[in-house]
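Basis for what follows: all heavy atoms, side chains included, without hydrogens, waters or symmetry-related copies. Keep in mind that what you see is a predicted model, and the values were worked out from it rather than measured.
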Amino acid sequence: MLAFPQSGGPWTGGGAVVSTAGRVFFTYQGRTASCSGNAVTSANKSTVITAGHCVKLEGAWHTNWVFVPGYHDGQAPYGRWSATKTMSTPQWTASEDINYDVGAAVVAPLDGRLLTDVVGGQGLAFNTGYNQTMYAFGFPAAAPYDGERFIYCSGTTNRDFLLSDDHGINCNMTGGSSGGPWFTQFNESTGTGLLSSVNSFKYNFLPNRMYGPYFGTDAQNLYQSAQSS
């Protein structure tokens, strides 16, 4: 094992996650911003799962949404994939309810090929229960990180006892990691797992704890809508 638990360090393990996870870029309030995301197994072979606020925030849908799988140090080894459609859960779409901060994007073919035919895809799991062994990944861009490296955290999650029904994990990733995948049943040697949450938010007074939405029926419906788009 690399290190378990891990509260934030570079992923050096290789495996499938290195190509399925990626950085997301989009236009928000007239400027370019970034998040993280992950390609998933899907009927259309073109679905990316991310956070709801990585597709829509403060009432407005982001534009110029691009997924860069395998991003590192400014490189786009598998190309830049533009979204043809972005969507979120009904609760995030309607009122940006933090409990349902899940988003999805369908990306256009690139050079005649479909996303998961190029980079692979991870499976998903819904209604997993709490207190799970999970691994979280992302491209944190706020200090002390710079967005150029693929970072991970690992640990046993606990249910948030404050303002949400989210999973919580000790993790010092920062802004830019939002939307990055959380996996259950993650295998360090193959880099594969079941995507069961995404990096969502932190409480200001708990800077080293990351929260991710519970993937229930609404997240599952979002995935079904995206993969059939």
Tell me, do Phe126 and Asn221 make a side-chain contact under 4.5 Å, heavy atoms counted?
-> no
Are the side chains of Arg113 and Lys45 in touch, meaning some heavy atoms are under 4.5 Å apart?
->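 They are not in side-chain contact.
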If only atom types and distance count, is the side chain of [X] paired as donor or acceptor with the main-chain N or O of [Y] below 3.5 Å?
X	Y	result
Gln227	Ala43	yes
Ser177	Met173	no
Thr20	Gly120	no
Asp73	Gln75	no
Ser178	Gly176	no
Gln122	Gly193	yes

Are His167 and Tyr214 close enough that their ring centres sit under 6.0 Å apart?
->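 Ring centroids of His167 and Tyr214 are less than 6.0 Å from each other.
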Please work out which of the three classes, parallel, tilted or perpendicular, describes the rings of Phe186 and Trp11, given edges at 30° and 60°.
-> perpendicular
With under 30° as parallel and over 60° as perpendicular, where do the rings of Phe150 and Phe137 fit, or are they tilted in between?
-> parallel
Indicate if Met87 and Trp92 have the same hydrophobic cluster label, given that clusters are the connected sets of ILVMFWY residues with side-chain heavy-atom separations under 4.5 angstrom.
->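 No.
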Take atom CZ in Phe205; do more than 12 heavy atoms of anything else shown fall under 6.0 Å from it?
-> yes
Reference residue Val48; test side chain to side chain contact (heavy atoms under 4.5 Å, CB included); the match among Val107, Asn38, Thr86 | Val107
Donor-acceptor pair between [X] and [Y] side chains, under 3.5 angstrom:
X	Y	value
Asp97	Ser95	no
Gln91	Glu96	no
Gln6	Tyr135	no
Asn172	Tyr145	yes
Ser189	Asn187	yes

